[in-house]
Enquirer: 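Sharing a structure with you now.
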Amino acid sequence: MTSKPRRAAGVLAAFTTLALGLTACGDSSEPAGKDAKNITLTISANSIVGGKNSAGAEWIEKWVIPRFVEAQKAKGVTAKVTFVPSGVDDEQYKTKLALDLRSKGGADVIAVDGIWVGEFVQAGYLKPLSEVAGDQANSWEGWSQIPETVQGLGSFEDKRYGIPLGTDGRVLYYNKKLFAQAGLPADWQPKSWQEILDAGAKLKALPGVTPIQINAGTAMGEATSMQGALPLLVGAGGEIYKDGKWAGASQPVKDMLDFYTKIYGGGLGDPKLQQEAKGRDKSFAEFAAGKIGILAEGDYFWRSVINPSTGIAKMADRNTTVGFAMIPAKQPGAGIRGQDFVSMSGGGVRVLNPNSKFPSQAWELLSFMHSAEAVKAELAGEARITARMDVNKEVLAGDPMLSFVTEKVLPVTAYRPPLAVYPQVSVALQEATAAAASGRSADEAAGAYQKKLEGIVGGAGNVTS
């Protein structure tokens with residue numbers, strides 16, 4: 001696999017014994033083992049006090065480390081735990097991690113983007129948690145609090161490589177005032193794609209209103225894939241990557257593209273909005289202004305975009321005007337795993353360095369960081385979806401939308417394939433939705449996508465069609 005980090009590793013291999021070695025795992029001279037009385041551990045994350053993800057860095061330095069050291073002391077163990085901060089863009093951080101792991105260095109507990117996991121596994125940089133830390137990694141109490149779908153964020157080929165930090169979910173937002181004007185119910189929950197189109201047809205009668213906004217095209221980037229193409233694909237029973245092959249011009253891909261043609265060819269969406277450089281931001285503003293009836297987005301939209309007090313497109317009446325519904329499969333039972341409803345999620349993961357000199361204690365530290373107490377401390381009073389259902393039930397009780405995502409959406413969600421080539425595949429998918437939104441047939445858009453895909457993933461043998 002020719003991933004960016006591995007290329008970088010080849011170029012910079014000569015440097016791996018220098019600065020990178022400063023963060024090498026467990027540098028104590030005492031023999032490693034479960035019964036070690038003096039241990040040295042390090043934590044790495046792309047956060048730094050006063051800079052990027054400052055609150056997360058403060059939590060590690062001021063909450064995690066002192067409490068873990070204290071807990072170890074109570075067991076008769078002297079622990080020295082160091083935080084190695086970073087405050088760089090994600091690709092720089094990713095490249096540094098790859099260099100660290102390639103040179104058998106790096107921190108013991110490492111925060112990564114979930115979408116990097118498979119790539120790092122295939123490069124030989126990560127091993128399953130149970131292989132690194134033994135049986136204790138499988139018997140951890142926390143797994144019972146993390147839905148299997150969410151565990152998928154830190155898994156690859158059915159093996160756990162990390163613990164999810166937190167996650168999100170995609171839903172359909174709708175404007176209840178516009179729905180009332182169009183004669184649609186306030187508690188709308190479509191059970192099929194046709195019911196979405198039917199609602200759009202009624203909203204079309206309202207002057208100055210765009211009935212449906214489903215992200216399309218390359219201007220919206222990954223938001224097109226995560227809010228549009230991929231939820232629709234899993235809703236048609238397909239997966240972008242399965243059993244070692246990428247989905248080409250398959251029936252689910254054609255079904256997904258056909259839905260785009262019905263929205264944008266049928267006058268239910270604004271095709272020009274999908275081509276604008278700031279199209280997504282404009283869609284936020286238009287929804288907040290009551291000019292879009294139905295919008296597919298993540299919980300970020302509720303928390304940060306239309307938040308009445310802190311949003312970038314504030315809606316003072318958000319809590320009474322905005323409804324939210326699960327994304328239906330094409331028809332009941334047609335989604336992946338035979339589901340009636342679907343979603344897509346993303347998020348971060350913490351992994352164990354397979355080169356740790358104290359793997360058992362590194363696992364203790366990792367699992368401690370994901371205990372209910374620690375997760376609540378990391379939130380610092382903020383309402384945000386975590387990987388743990390027990391924590392979510394407690395901290396999200398006052399937020400109906402985030403509770404809805406936790407209780408209804410996360411159990412049916414899916415994740416992007418954590419592989420190096422995925423971003424290129426995603427762009428090809430975005431181009432296919434652009435073609436469908438601008439008037440090309442689903443078959444034509446799917447055929448062009450298949451050709452492009454074959455060039456990206458190494459030929460037709462790696463594509464299902």
Enquirer: In Å, rounded to the nearest 0.5 Å, how long is the span from CE of Met344 to CD of Gln227?
Expert: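 CD of Gln227 is found 10.0 Å from CE of Met344.
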Enquirer: So, Asp90 and Lys94, do they make that salt bridge, N to O below 4.0 Å?
Expert: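 Here Asp90 does not pair with Lys94 in a salt bridge, since their nearest N and O are not under 4.0 Å apart.
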Enquirer: If we only count heavy atoms from C-beta on, is the Arg303 to Asn307 side-chain gap below 4.5 Å?
Expert: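 Heavy-atom side-chain distance check fails, nothing below 4.5 Å.
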Enquirer: Quick one: closest heavy-atom pair of Val171 and Val405, and the distance?
Expert: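 Nearest pair, atom of Val171 first, then Val405: CG1-CG2, 4.2 Å.
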Enquirer: Distance-only check: which donor-acceptor pairs under 3.5 Å involve side-chain atoms of residues 281-288, not counting sequence neighbours?
Expert:
{"residue": "Lys282", "atom": "NZ", "partner": "Glu276", "partner atom": "OE2", "Å": "3.3"}
{"residue": "Ser283", "atom": "OG", "partner": "Arg280", "partner atom": "O", "Å": "2.6"}

Enquirer: For a side chain to side chain contact (heavy atoms under 4.5 Å, CB included) check, start with the C-alpha distance between Val463 and Val457, then their side-chain angles and the critical distance, and finish with the verdict.
Expert: CA-CA 8 Å; Val463 176; Val457 302; 3.6 Å; yes
Enquirer: Is any side-chain heavy atom of Phe68 closer than 4.5 Å to a side-chain heavy atom of Leu41?
Expert: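 Answer yes - side chains close enough.
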Enquirer: Considering all heavy atoms of both residues, which atom of Ala325 and which atom of Trp188 are nearest to each other, and what is their separation?
Expert: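 Reported closest heavy-atom pair: CB-O, 3.5 Å.
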Enquirer: Would you compute the distance between atom CD1 of Ile385 and atom CG of Asp299 and round it to the nearest 0.5 angstrom?
Expert: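 The CD1 atom of Ile385 sits 4.0 Å away from the CG atom of Asp299.
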Enquirer: Under the side chain to side chain donor-acceptor pair (under 3.5 Å) rule, what pairs show up with a residue in residues 146-167, not counting sequence neighbours?
Expert: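 Residue pairs with at least one partner in residues 146-167: Gln151-Arg160, Thr167-Tyr415.
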Enquirer: Nearest 0.5 Å please: distance from the CG atom of Asp168 over to the CG atom of Leu402.
Expert: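 Rounded to the nearest 0.5 Å, the CG-CG separation comes to 10.5 Å.
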Enquirer: Could you tabulate the donor-acceptor pairs under 3.5 Å formed by side-chain atoms of residues 230-249, not counting sequence neighbours?
Expert:
none

Enquirer: On the 0 to 90° scale, with breaks at 30° and 60°, tag the Trp140-Trp143 ring pair as parallel, tilted or perpendicular.
Expert: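 Perpendicular.
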Enquirer: Strictly by salt bridge (Lys or Arg N to Asp or Glu O under 4.0 Å), give each pair with a member in residues 404-433 just once, sequence neighbours left out.
Expert: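 Every pair satisfying salt bridge (Lys or Arg N to Asp or Glu O under 4.0 Å) with a residue in residues 404-433: Glu222-Arg416, Glu431-Lys452.
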Enquirer: ring-ring contact (aromatic ring centres under 6.0 Å, His included) with Phe324: which residues, sequence neighbours excluded?
Expert: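 ring-ring contact (aromatic ring centres under 6.0 Å, His included) check on Phe324 returns Trp302, Phe404.
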Enquirer: Does a side-chain heavy-atom distance below 4.5 Å link Ile110 with Leu97?
Expert: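 Counting from C-beta outward, Ile110 and Leu97 do come under 4.5 Å.
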Enquirer: Enumerate the residue pairs fulfilling side chain to side chain donor-acceptor pair (under 3.5 Å) with a member in residues 335-352, sequence neighbours excluded, ordered by first and then second residue.
Expert: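 As it turns out, the side chain to side chain donor-acceptor pair (under 3.5 Å) pairs with a partner in residues 335-352, which skip direct neighbours, are Arg337-Gln339, Ser345-Thr413, Arg350-His370, Arg350-Glu378.
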Enquirer: Of all heavy-atom pairs between Ala387 and Pro147, which one has the smallest distance, and what is that distance?
Expert: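 Closest approach of Ala387 to Pro147, heavy atoms only: O-CD, 3.8 Å.
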Enquirer: For Val49, what residues pass the side-chain contact (heavy atoms from CB on, under 4.5 Å) criterion, not counting sequence neighbours?
Expert: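 Result, side-chain contact (heavy atoms from CB on, under 4.5 Å) vs Val49: Ser54, Ala57, Glu58, Glu61.
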Enquirer: How long is the span from the OG atom in Ser130 to the CD atom in Gln136, to the nearest 0.5 Å?
Expert: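 Here the interatomic distance stands at 11.0 Å.
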Enquirer: So, Arg388 and Glu141, do they make that salt bridge, N to O below 4.0 Å?
Expert: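 Salt bridge flag = yes for Glu141 with Arg388.
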Enquirer: Tell me every residue that passes side-chain contact (heavy atoms from CB on, under 4.5 Å) with Ser304, counting only those two or more places apart in sequence or in another chain.
Expert: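 For Ser304, the residues satisfying side-chain contact (heavy atoms from CB on, under 4.5 Å) (neighbours in sequence not counted) are Tyr300.
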Enquirer: Run the side-chain contact (heavy atoms from CB on, under 4.5 Å) test against Ala71 and tell me which residues pass, sequence neighbours left out.
Expert: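 By the side-chain contact (heavy atoms from CB on, under 4.5 Å) rule, Ala71 matches no residue at all.
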Enquirer: As an exercise, state the distance from NZ of Lys80 to CD1 of Ile65, rounded to the nearest 0.5 Å.
Expert: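 If I round to the nearest 0.5 Å, the distance is 11.0 Å.
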Enquirer: Taking the side chain as every heavy atom from C-beta outward, state whether Asn38 and Val77 have any pair of such atoms under 4.5 Å apart.
Expert: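 Heavy-atom side-chain distance check fails, nothing below 4.5 Å.
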Enquirer: Tell me every residue that passes ring-ring contact (aromatic ring centres under 6.0 Å, His included) with Trp116, counting only those two or more places apart in sequence or in another chain.
Expert: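 If we apply the ring-ring contact (aromatic ring centres under 6.0 Å, His included) test to Trp116, skipping adjacent residues, there are no hits.
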Enquirer: Can you pull out every side chain to side chain donor-acceptor pair (under 3.5 Å) where at least one residue sits in residues 456-465? Sequence neighbours excluded, please.
Expert: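 Residue pairs passing side chain to side chain donor-acceptor pair (under 3.5 Å), neighbours aside: none found.
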Enquirer: Identify, with sequence neighbours excluded, every residue that meets side-chain contact (heavy atoms from CB on, under 4.5 Å) alongside Val395.
Expert: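 For Val395, the residues satisfying side-chain contact (heavy atoms from CB on, under 4.5 Å) (neighbours in sequence not counted) are Lys376, Leu379, Val391.
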Enquirer: Do Pro328 and Leu172 have side chains that get closer than 4.5 Å, going by heavy atoms?
Expert: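 Yes; the side chains approach each other to less than 4.5 Å.
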Enquirer: With a 4.5 Å heavy-atom cut-off, do Leu365 and Val64 have their side chains touching?
Expert: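 Leu365 vs Val64: side chains touch.
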Enquirer: Should the ring pair Phe259 and Trp193 be called parallel, tilted or perpendicular, given that the plane angle runs from 0 to 90° and is split at 30 and 60?
Expert: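 Answer is tilted, since the angle falls between 30° and 60°.
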Enquirer: Is the shortest side-chain heavy-atom distance between Thr218 and Thr224 below 4.5 Å?
Expert: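 Thr218 does not reach Thr224 side chain to side chain.
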